[in-house]
Amino acid sequence: MSASQPPSPTQAAKFSPEGAAAAALNRLAKPLTQDELDEMRWEKERDQRQRFRRLVDPGIIRSNNEAMSDAGIKCLSTICHNILDHPEEEKYRRFKTTNHRIKSDVIEVKGGLEFAVAIGFREQVEDFQPYYAWKPTAQNADALRIGAYVLGEFQQKIIAKEELAKIRKATKQDEAQQAAQRVKLAFEDDRKSMARKSRMEKEHRQALLDAQDRADAEGRTAALAPPTLAAAPSSDEHDKDE
């Protein structure tokens, strides 16, 4: 359409403010898909994920040695998933601080208890015994879900690290076995070489002994033989002398 030509009625209606407003209203009236809802929630929870990541690193990872931090992350992840997988079972929504694994992998791990509190656990006392309980509220449910996701991120790194360690260990074992096999083969070759050398030396000594025996036998035979008499001159030689 040239600048001198006015827009057609169809084009005027298509680009009119009223048409744009109607299209916007139609989009707002249309229900969002689950993917769109998930994406909106993902963006909304970005800051919470970052907060939980900081609770893990540096909170747990840089405050403990590698073994303790790995154990803490695994234990906290198990606590989260037990609640998520069994939402109706109360036994998974509480833990005692005197429990051996909880004590070693959460209480004694720096940052472990702080993470448990962040996902909704609160300290309580029953029969003079302290324990931590998780209350199923909407806020705690969101915190639990986000915390479990973040722990899963770090647990995947732990699993990858452990698999790599297994591969390296297996490689070292293979190398050690190959080195042992090479030593064994070298020893066997050396033993065979020594046996061959010993056999050759024995054969050589036997050959010398046999030669000496033959020489001695020939000497004894020569000594026992009667002396050889000089031959008498022939008649022809006697005639010549006369």
Side-chain angles (χ1 to χ4, degrees), residues 27-166:
R27 287 195 298 272
L28 291 174
K30 183 180 178 181
L32 296 175
T33 65
Q34 186 60 47
D35 289 342
E36 291 172 333
L37 291 172
D38 291 342
E39 185 175 355
M40 290 176 61
R41 186 176 67 177
W42 178 264
E43 291 298 324
K44 182 181 177 181
E45 295 174 348
R46 181 184 299 276
D47 291 341
Q48 288 179 280
R49 288 195 302 275
Q50 289 299 103
R51 181 171 69 90
F52 277 108
R53 288 188 181 112
R54 287 192 293 271
L55 287 173
V56 178
D57 187 9
I60 294 176
I61 291 178
R62 302 188 193 182
S63 302
N64 303 275
N65 60 45
E66 184 177 9
M68 289 187 69
S69 64
D70 289 354
I73 291 170
K74 290 178 180 179
C75 187
L76 288 166
S77 181
T78 299
I79 291 172
C80 291
H81 284 286
N82 280 342
I83 299 174
L84 293 171
D85 296 340
H86 310 280
E88 303 300 325
E89 298 190 36
E90 186 178 356
K91 67 178 181 179
Y92 293 115
R93 300 201 297 265
R94 57 190 294 170
F95 60 79
K96 294 181 179 180
T97 57
T98 54
N99 178 277
H100 176 71
R101 186 183 177 192
I102 293 297
K103 183 179 179 181
S104 64
D105 295 351
V106 177
I107 306 300
E108 295 180 355
V109 173
K110 295 177 183 178
L113 191 56
E114 288 79 354
F115 194 98
V117 170
I119 59 177
F121 279 92
R122 295 293 181 270
E123 185 178 15
Q124 298 185 19
V125 177
E126 184 178 87
D127 296 331
F128 304 102
Q129 295 295 323
Y131 69 95
Y132 279 80
W134 184 86
K135 188 176 181 180
T137 65
Q139 182 179 356
N140 286 347
D142 286 341
L144 178 70
R145 175 176 49 78
I146 297 170
Y149 175 83
V150 170
L151 288 170
E153 291 180 336
F154 287 95
Q155 194 165 11
Q156 287 299 317
K157 295 178 182 179
I158 294 173
I159 293 172
K161 178 179 60 179
E162 291 174 344
E163 290 299 323
L164 181 59
K166 289 179 182 178

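Source: prediction; values computed, not measured. Index from 1, following the sequence.
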At what distance, to the nearest 0.5 angstrom, does [atom1] of [X] lie from [atom2] of [Y]?
X      : Y      : atom1 : atom2 : result
Thr78  : Ile73  : OG1   : CD1   : 12.0 Å
Leu55  : Arg53  : CG    : CZ    : 12.0 Å
Ile119 : Asp142 : CD1   : CG    : 13.0 Å
Glu39  : Asp35  : CD    : CG    : 8.5 Å
Glu66  : Ile158 : CD    : CD1   : 8.5 Å
Ile79  : Trp134 : CD1   : CH2   : 13.0 Å

How close do [X] and [Y] get, heavy atom to heavy atom, and via which atoms?
X      : Y      : value
Val106 : Cys75  : CG2-SG, 3.7 Å
Ser69  : Ile61  : CB-CA, 3.8 Å
Ser104 : Val109 : O-CG2, 3.5 Å
Ser77  : Leu151 : N-CD1, 3.6 Å
Ala116 : Phe95  : CB-CZ, 4.3 Å

Side-chain touch [X]/[Y], heavy atoms, less than 4.5 angstrom:
X      : Y      : result
Arg145 : Glu45  : yes
Val117 : Arg122 : yes
Tyr132 : Leu113 : yes
Val56  : Glu153 : no
Gln129 : Lys96  : no

Heavy-atom neighbours of Lys135 NZ exceed 12 at 6.0 Å: no
Atom CD of Gln139 with >12 non-hydrogen neighbours under 6.0 angstrom: no
Validation row, ring centre Tyr149 to ring centre Phe52 under 6.0 Å: no
Derivation of the side-chain hydrogen bond (donor to acceptor under 3.5 Å, both in side chains) call for Arg51 and Gln48: CA-CA 5 Å; Arg51 181 171 69 90; Gln48 288 179 280; over 6 Å; no
side-chain contact (heavy atoms from CB on, under 4.5 Å) between Asp70 and Lys161, intermediate numbers included: CA-CA 11 Å; Asp70 289 354; Lys161 178 179 60 179; 2.8 Å; yes
Side-chain donor or acceptor of Asn65 paired with backbone N/O of Ala67 under 3.5 Å: yes
Flag, side chain of Arg93 to backbone of Phe121, donor-acceptor distance under 3.5 Å: no
Steps toward side-chain contact (heavy atoms from CB on, under 4.5 Å) verdict (Trp42, Arg49): CA-CA 9 Å; Trp42 178 264; Arg49 288 195 302 275; 3.2 Å; yes
Residue list, ring pair (Phe, Tyr, Trp, His ring centres under 6.0 Å) with His86, at least two apart or on another chain: Tyr92
Positive for salt bridge (charged side-chain N to carboxylate O under 4.0 Å, His left out) with Arg94, one of Glu123, Glu126, Glu89: Glu126
Pairs where residues 55-64 contributes a residue and the test side-chain hydrogen bond (donor to acceptor under 3.5 Å, both in side chains) is met, not counting sequence neighbours: Asp57-Arg62
Lys/Arg N to Asp/Glu carboxylate O, Glu108 vs Arg101, below 4.0 Å: no
Test salt bridge (Lys or Arg N to Asp or Glu O under 4.0 Å) applied to Glu162 and Lys74, step by step: CA-CA 13 Å; Glu162 291 174 344; Lys74 290 178 180 179; 2.6 Å; yes
